[in-house]
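Just so we're on the same page: letters track the sequence lines, and every chain starts at 1.
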There are 2 protein chains.
Amino acid sequence: MATIYDVSQLAGVSLATVSRVMNKNTNVSDKTRQRVLDAMEKLGYRPNTFAQSLASNCSNSVGVLVSQLDGPYYGPMMAEIESSLRLENKHVIIAVGHSDAAQEKDSVEFLLDRGCDALILDVEAVSDEYLINLSKGPTPIVLINRYIEQISERCIYLENEVGGYMATKHLIMQGHRHIAYISGPAKKHDAIERLVGHKRALSEANIEFTSALCFEGDYSEESGATGMTYLLQQRSKKPFTAVVCANDQMVSGAISVCLESGMRIPHDLSFVGYDNIPFARYISPKLTTVNNPIHEMGKMAALWLLKNLYNKNIDVNNVFMPELVIRESSIPV
Amino acid sequence: MATIYDVSQLAGVSLATVSRVMNKNTNVSDKTRQRVLDAMEKLGYRPNTFAQSLASNCSNSVGVLVSQLDGPYYGPMMAEIESSLRLENKHVIIAVGHSDAAQEKDSVEFLLDRGCDALILDVEAVSDEYLINLSKGPTPIVLINRYIEQISERCIYLENEVGGYMATKHLIMQGHRHIAYISGPAKKHDAIERLVGHKRALSEANIEFTSALCFEGDYSEESGATGMTYLLQQRSKKPFTAVVCANDQMVSGAISVCLESGMRIPHDLSFVGYDNIPFARYISPKLTTVNNPIHEMGKMAALWLLKNLYNKNIDVNNVFMPELVIRESSIPV
DNA sequence: ACACAAAATGAAAGCGATTACATTATGAAA
DNA sequence: TTTCATAATGTAATCGCTTTCATTTTGTGT
């Protein structure tokens, strides 16, 4: 592998000059620059990124920490982050936190050790305090899917409460008065917010929140199924005509339970989901759901970094609004 | 940030000794080792990975190139790769090839420039020759989802032909004689193989392959829908009682078209998919499909590297067998 | 032709580790 | 006690680049 030294020899210039042409430094005459470029070409020279990083203290890499890699959720986000960053020749190092505080911290350490110039974090278990503290360190961070007031300008997030409100409001406008809810895990911020939105819509319509009709799932299909089984048992005592689930995966689990027990959806029961995962429109019935522009948020996080870290001139906006996507799983009573 | 030098000063030893204790080199007395460890602890020392990589010419990173990041397919694979590697303190750098030869090559270059110790490649556009050539280079590669005879020991793949055979065979055993097929893109190896398996099952049962009943999709839900629309038009001339799709996404697109036009599935038409993506069991009807252990293949690729590159003692096997998962979308005629 | 500011180039000191080689300490055998 | 192999430690070169500062070249105005 040719080194910068080889290039400098062949071009008949000094190391510094070669370095200058690599780094687009202007103080090089056109003639010299061309000689260097030719030499590089001829030698098939590729700079050694480790040496560059060591000397410049900049790695051109950003660490991305997500809570999971499988599931329909993170793929699009990662895809956007990767492509946005790649365009600028930055690369992404991924780590997974599994929604566990210890693992999340561990992963942060790991990425930091790896010399990332910045971190994009989608973490849920770790405390606000930890993140605030981390943000004071030398490595910039951006948070996806989380709002912390003290570092709000570093937070890219969805108005989950509004989305929760929309979902339930939609059902209420369709005439539903008895609405069950399958929630995400109470330890996750977004799950809490979505539920809060649900309650707001309810109280706005003077409907009392019935905790017997609220089941705490964990965002998985299985828990959606479990929750639905539970709700179906409640139904004799506490009838309901619609259920909103805190994400699409749980809806699909819930619907499959209903279908198995011979119910007809949406005729017997309306459903509204959340996230608008790609499959939502291919599930039958097609899911009415709240759109979560997760890929755009991923992109925005990448742009934020490009702007703040690598000084690109870019507009970023931090907060995203959910949108109701009305399809076929919800009908008027 | 403390450096190795600071540690050596505090511990009262030389740089070399500190380096030795970091690298678990045994030639250090317990007493000294402890002094060094204490010093590290006290200083909160973290080795600089760039310096390490530069000096040792080993980055402890592996590049993973997938064709896409979104979709239900790659998440589980990435997840397994990441966790397996992470356990050994290796990290993964991801890149996306978008099934395009130029982009794939570009990404390979990119990962190589980044000093990856090895590459895990899931590429489809690039030629066998290119890969064979690449495998002769200094950086080891493993191929997922692709078989190339000359470098077969580096290939982790699924017997796609067998899976294609299984899917159709299953329908034939259910009494179906007229079977339509929605294929993946003809330029992708796995799509071709699956189709070959389909044809083998057909000919084994003395059923002629009807090209009018074969539609080439691109693995997306949309193309499944398009394909189904086409097939439905053919149906008056060329009746069929079942359709097999080369992946689950296309099935779901296809089924949704049928449902929209008022058909009842599986009563009016049986379906078999391929891949067994997580959602397959939550779609209604639950999909009969061919299991594709993509996450295991990801894990195996990681293990292969650990074994061959970092000298871990691990058993790896290269070829995976598909398995038929019979659910509800296919019923006897 | 001369002076001088600006532009172009070079020399050399890091960056923070690894590692070959040299040196010293240790302890068992004679 | 002496001798030596072996274990423990240290010295210093090296990895390939960036960057500061010094030096040389260039070009302009006179």
Test side chain to side chain contact (heavy atoms under 4.5 Å, CB included) on A:M300 and A:W304 and set out the steps. CA-CA 6 Å; A:M300 203 49 77; A:W304 191 98; 5.8 Å; no
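- In this structure, the CG atom of A:N27 is 15 Å from the P atom of D:dT26, given to the nearest Å.
- The residue among B:A55 and B:D30 whose nearest nucleotide of DNA chain D is located toward the 5' end is B:D30.
- For the pair A:F50 CZ and D:dT14 C1', the computed distance is 17 Å after rounding to whole Å.
- Taking a cutoff of 4.0 Å between a charged side-chain nitrogen and a carboxylate oxygen, B:R86 and A:D106 qualify as a salt bridge.
- Atom CG of B:L15 is separated from atom P of D:dT9 by 15 Å (rounded to the nearest Å).
- For D:dG10, one of the phosphate oxygens OP1 or OP2 lies less than 4.0 angstrom from a side-chain nitrogen or oxygen of B:S14.
- Using a 4.0 Å heavy-atom distance criterion, B:V18 is classed as making no nucleic acid contact.
- Ring geometry for B:Y147 versus B:Y157: interplanar angle of 30 to 60°, hence tilted.
- Ionic pairing of A:E109 and B:R46 is present here: one or more N-O contacts between side-chain nitrogen and carboxylate oxygen are shorter than 4.0 angstrom.
- Residue-level contact check: B:N48 touches the backbone only, with heavy atoms under 4.0 Å from sugar-phosphate atoms and none from bases.
- Within 4.0 Å (heavy atoms only), A:G115 reaches no atom of the nucleic acid at all.
- Judged by distance alone with a 3.5 Å cut-off, a donor-acceptor contact links the side chain of B:R20 to the base of D:dG10.
- A:D128 has a carboxylate O that lies under 4.0 Å from a charged side-chain N of A:R146, or vice versa, which qualifies the two as a salt bridge.
- Straight-line distance from the CD1 atom of A:I4 to the P atom of D:dT14: 18 Å, rounded to whole Å.
- Protein chain A contacts DNA chain C over a range whose 5' and 3' limits, counting nucleotides with an atom under 4.0 angstrom from a non-hydrogen atom, are C:dA8 to C:dG16.
- Salt bridge B:D100/B:K105: absent, no basic N to carboxylate O contact under 4.0 Å.
- Position along DNA chain D of the nearest nucleotide to A:S19 versus A:K31 favours A:S19 as the more 5'-ward residue.
- A close approach under 4.0 Å does occur between a side-chain nitrogen or oxygen of A:N23 and OP1 or OP2 of D:dT18.
- For the pairing with B:N145, the side chain to side chain contact (heavy atoms under 4.5 Å, CB included) check across B:L121, B:D122, B:V66 returns one residue only, B:D122.
- Taking only side-chain nitrogens and oxygens, B:T17 never comes nearer than 4.0 Å to OP1 or OP2 of D:dT9.
- Separating the CD atom of A:Q52 from the P atom of D:dT19 is a distance of 10 Å, rounded to the nearest angstrom.
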